[in-house]
Amino acid sequence: MKKPNAGLSRRQFVQGSAAGIAAFTIVPRNVLGRGETPPSEEIGGALIGCGGRGPGTFGCLGPNVRRLASCDVKFKDRCDNKEYYVDYRLLLERQDIQVVAIATPPGWHALISIAAMEAGKDVVCEKPMTRFISEGRAVADAEKRFGRVFQVERKGGYSPNKVRKIFESGLLKQCDAVLVRPGGFKVKEWSGKVKYEVTAIPESLDWDLYCGPAPLRPFNRHRLGGTHRGYWDYEGGGLSDMGHHHLHALAYQYGRDLTAPVEVIPYAPPAHPECCGVWGWCELKYADGFTLVLESAEWGPRYDRLRHKNLGEAELLNLLSEEDRNKLDAMPDPERLPFFEEAIRTRSRTASHAERSHRVATIYHLANVAFRCGRPLKFDPATDQIVGDEEANRLVNPPVRAPWRL
């Protein structure tokens, strides 16, 4: 697919967009004499991916965002490149759009997020943040490189506390906590179909663009809509769909958003190469000894290798020396990060910024890699790579279909 003609150079566009944001003038509501939002306080926004999650994701942009355009691969019959778009790249050229919400299937999240931030937009992205691990690293790097605001859904906003402070401090070198997270992953509900009927592509749908960086498969309606979750091409089953919901707050509380697991032990039947399927449990151990267990409760015997051991503030403080406890008291409390609508005003990171969200997503992506490989894995959080297993690394950073590239 050829890249559309932008009209302006990328540098000119980004500079113009930034200047446009800086030029906003806020008019007090009492000047208008009504309780309505004055036009000068409105921000131009767009929704990319207009399925079932679209309206909710767009709402995370905040109350003062006006939707100027919508983009979806199913808009071929109504596309006017003004209000309705099929190709997100044309939409991102618009200088009157400052923020975008991305609610496409996850196979598109990384490429669109990076392109939007490069074009000078701030981004709210639906969960899961990405389809595989290397995409998460690319989005986190882009957030820093382009100085944009990024948020996954409406995650974050957790109150800083002493437990978080202990893990964030780096003073606790060893921790034998074991947290077992049972059920709630919709494993069977979001499993793919091994056998399916090939049918004609709807005239309103750009199927090639829907598949995008994933392999171009024969059209199958089960791969479209919410059931796309059951195929590795677009997502990672119920675990990817529900993992961020269950793990974001937990990762914040116990500092698991500061690093990633180093050892992964899966328990699951052999995985299908295209279809997500059932699994039993996955044990993920961190360098400090902290162990997180994900249990599906939908296949096989219940997890019984380690006993759940949840350490609270008092138990964690007892693991520190008196000298380290004094150091902890002298440290500032953890920073409370804002939601998107405040972050775009203050130009600060959100509570679910890309680096933190990447570490959360790595938990369930690593579990899926282990399920697909069918063996224990070792992971290096510093390089985001599986150690000594090239087959597994091909699932950490799988190839994408030309002409797309990460």
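Just so you know, these numbers come straight off a predicted model, no measurement behind them.
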Quiz item: Should the ring pair Y158 and Y252 be called parallel, tilted or perpendicular, given that the plane angle runs from 0 to 90° and is split at 30 and 60?
Solution: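 Rings of Y158 and Y252: tilted, 30 to 60°.
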Self-check item: W108-Y210 aromatic ring centre distance below 6.0 Å
Solution: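 Judged by ring-centre distance (under 6.0 Å), W108 and Y210 do not meet the cut-off.
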Practice problem: Would you check if the distance from the ring center of Y364 to the ring center of H246 is below 6.0 Å? | Solution: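 Y364 vs H246: aromatic centres not under 6.0 Å.
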Quiz item: Does a side chain donor of either Y234 or R229 reach within less than 3.5 Å of an acceptor in the other side chain?
Solution: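 No, no side-chain donor-acceptor contact under 3.5 Å.
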Quiz prompt | Donor-acceptor pair between H245 and K155 side chains, under 3.5 angstrom | solution =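 Note: H245 and K155 side chains meet the donor-acceptor criterion.
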Self-check item: Separation between CH2 of W232 and SG of C275, rounded to the nearest 0.5 Å
Solution: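 Here the rounded value is 9.5 Å.
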Using 4.0 Å as the upper bound for N to carboxylate O, is an ion pair formed by [Y] and [X]?
X    : Y    : value
R78  : D72  : no
R401 : D208 : yes
D233 : R223 : yes

Taking everything shown except [X] itself, do over 12 heavy atoms lie less than 6.0 Å from its [atom1]?
X   : atom1 : value
R66 : CZ    : no
K74 : NZ    : yes
K76 : NZ    : yes

Self-check item: Side-chain donor or acceptor of N81 paired with backbone N/O of Y85 under 3.5 Å
Solution: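 No; zero donor-acceptor contacts below 3.5 Å.
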Quiz item: Can you check whether H109's main-chain N or O pairs, donor with acceptor, with S113's side chain at less than 3.5 Å?
Solution: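 The answer is yes, because a donor-acceptor pair under 3.5 Å joins these two groups.
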Quiz prompt | Qualifying residue for ring pair (Phe, Tyr, Trp, His ring centres under 6.0 Å) with W279, from W190, W299, F185, Y267 | solution =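 Looking at W190, W299, F185, Y267, the match for W279 under the ring pair (Phe, Tyr, Trp, His ring centres under 6.0 Å) is F185.
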Quiz item: Which residues satisfy the ring pair (Phe, Tyr, Trp, His ring centres under 6.0 Å) test with F340, sequence neighbours excluded?
Solution: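 For F340, no residue satisfies ring pair (Phe, Tyr, Trp, His ring centres under 6.0 Å) once neighbours in sequence are set aside.
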Please set out all donor-acceptor pairs under 3.5 angstrom arising from side-chain atoms of residues 302-312, sequence neighbours excluded.
residue, atom, partner, partner atom, Å
R302, NE, E295, OE2, 2.6
R302, NH2, E295, OE1, 3.4
Y303, OH, E283, OE1, 2.6
Y303, OH, L306, N, 3.2
R305, NE, E283, OE1, 2.8
R305, NH2, E283, OE2, 3.2
H308, ND1, V180, N, 3.1
K309, NZ, D176, OD1, 3.4
K309, NZ, D176, OD2, 2.7
N310, OD1, Y254, OH, 2.5

